[in-house]
Amino acid sequence: MHLLDLLSPGRVVVPGSVPGKKRLLERAAALLAGGNPEVERAVFDALVGRERMGSTGLGHGVAIPHGRSAQVATASGCFMRLPEPVDFGSPDGQPVDLVFAMVVPEHFTSQHLVLLSQLAEMFGEESFRGRLRAASDAAALYALLSGWQPATHEA
């Protein structure tokens with residue numbers, strides 16, 4: 001599975017102001033649950049549970065909140081570019097404005113790690129982060145995200 005299989009245009013957003021980390025996770029859970037309140041609560045609990053183990057802030061203004069839940073049947077992701085950065089407890093102390101949230105079924109263990117690795121590679125590219133920050137709207141963000149390819153590692 002490629003991480004971009006997780007996205008749809010409707011789950012790539014530029015929301016209004018988000019007042020803090022909890023509200024950000026609530027917004028992510030709502031996007032990931034697709035309108036199902038029961039799933040939304042389970043996804044929120046999974047995201048918060050993972051954050052309690054340590055911040056999913058990567059640094060450079062990027063966070064990848066993620067979790068596993070028995071309430072979801074397929075992996076899904078959402079991307080938000082925040083107009084005002086939010087404190088996420090990132091290791092570099094910088095607030096977050098680029099957020100890729102993900103939830104996967106409970107049994108996704110190795111797939112979950114592969115997806116997180118792809119996200120870390122994607123957001124590790126300074127020029128890519130710059131293009132995301134400069135994108136004009138959600139459609140432009142989706143185009144950038146869907147066009148990204150992981151580097152090929154030759155042996």
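Quick caveat: nothing in here was measured; it's all calculated off a predicted structure.
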Review point. Do the side-chain N and O atoms of Trp148 and Gln118 include a donor-acceptor pair separated by under 3.5 angstrom?
Key: no

Review point. What are the two closest non-hydrogen atoms of Asp137 and Val14, and how far apart are they?
Key: C-CG2, 4.5 Å

Practice item. Determine, using the 4.5 Å side-chain heavy-atom cutoff (strictly less than), whether Val99 and Val13 are members of one ILVMFWY cluster. Key: yes

Check your understanding: Parallel, tilted or perpendicular: which describes the rings of Phe100 and Phe79, with under 30° parallel and over 60° perpendicular?
Key -> tilted

Revision key, fill the gap. Taken in chain and number order and not counting sequence neighbours, the residues that satisfy side-chain hydrogen bond (donor to acceptor under 3.5 Å, both in side chains) with Asp87 are none

Review point. Quick one: are Met102 and Leu116 in side-chain contact, heavy atoms under 4.5 Å?
Key: yes

Point to revise | From Arg129, Arg81, Arg133, residue fulfilling side chain to side chain donor-acceptor pair (under 3.5 Å) relative to Asp97 | key: Arg133

Review point. What's the shortest heavy-atom distance between Pro105 and Ala75, and which atoms?
Key: CD-N, 3.7 Å

Check your understanding: Taking the side chain from Arg11 and the backbone from Gly77, do they hold a donor-acceptor pair closer than 3.5 Å?
Key -> yes

Point to revise | Same apolar cluster (I L V M F W Y, side chains within < 4.5 Å links), Val12/Met122 | key: yes

Review point. Counting N and O atoms only, with roles assigned by atom type, does the side chain of Ser117 sit under 3.5 Å from a partner on the main chain of Leu113, one being a donor and the other an acceptor?
Key: no

Practice item. Would you tell me whether Glu106 and Ser69 have side-chain atoms, one donor and one acceptor, within less than 3.5 Å of each other? Key: no

Exercise for review: Applying side-chain hydrogen bond (donor to acceptor under 3.5 Å, both in side chains), name anything that partners Gln94, two or more places apart in sequence or on another chain.
Suggested key: none

**Study point:** Rounded distance [0.5 Å steps], OG1 in Thr56 versus CD1 in Ile64
**Key:** 7.5 Å

Study note, to complete from the structure: One should read off an interatomic distance between Leu119 CG and Leu58 CG, to the nearest 0.5 angstrom, of 8.5 Å

Point to revise | Worked check of side chain to side chain contact (heavy atoms under 4.5 Å, CB included) between His66 and Val103 | key: CA-CA 6 Å; His66 58 277; Val103 65; over 6 Å; no

Review point. Phe44 and Glu26: side chain to side chain contact (heavy atoms under 4.5 Å, CB included), yes or no, with the steps?
Key: CA-CA 6 Å; Phe44 176 74; Glu26 287 172 348; 3.5 Å; yes

Check your understanding: Where the side chain of Ser90 meets the backbone of Asp92, is there a donor-acceptor pair that is under 3.5 Å apart?
Key -> no

Practice item. With rounding to the nearest 0.5 Å, note down the distance linking OG in Ser146 to CG in Leu141. Key: 10.5 Å

Study note, to complete from the structure: Heavy-atom nearest pair, Val96 first then Leu82, reads O-CD1, 3.6 Å

Review point. Under 4.5 Å between side-chain heavy atoms, hopping through other hydrophobics if needed: is there a path connecting Leu31 to Leu145?
Key: no

Exercise for review: Could you pull out the closest heavy-atom pair between Pro85 and Pro95, with the gap in Å?
Suggested key: CB-CB, 3.5 Å

Check your understanding: Is Val43 reachable from Met80 through a run of hydrophobic residues whose side-chain heavy atoms are each under 4.5 Å from the next?
Key -> yes

**Study point:** Leu115 and Leu6: CA distance, side-chain angles, deciding distance, side chain to side chain contact (heavy atoms under 4.5 Å, CB included) verdict
**Key:** CA-CA 10 Å; Leu115 293 167; Leu6 305 176; 4.1 Å; yes

Check your understanding: Side-chain heavy atoms under 4.5 angstrom apart, residues restricted to Ile, Leu, Val, Met, Phe, Trp, Tyr: same cluster for Leu7 and Phe128?
Key -> yes

Exercise for review: Measure the shortest side-chain to side-chain distance between Pro65 and Arg50 over non-hydrogen atoms and say whether it is less than 4.5 angstrom.
Suggested key: no

Exercise for review: Kindly write out the residues that satisfy salt bridge (Lys or Arg N to Asp or Glu O under 4.0 Å) with Arg131, not counting sequence neighbours, or none if the list is empty.
Suggested key: none

**Study point:** Minimum heavy-atom distance Leu47-Ala28, with the two atoms named
**Key:** CD1-CB, 4.1 Å

Point to revise | Verdict with supporting geometry, Leu98 and His60, side chain to side chain contact (heavy atoms under 4.5 Å, CB included) | key: CA-CA 9 Å; Leu98 301 176; His60 304 288; over 6 Å; no

Check your understanding: How many angstroms lie between atom CG of Leu25 and atom CZ of Arg27, to the nearest 0.5 angstrom?
Key -> 13.0 Å

Study note, to complete from the structure: Heavy atoms of Phe88 and Ser55 approach each other most closely as O-OG, 2.6 Å

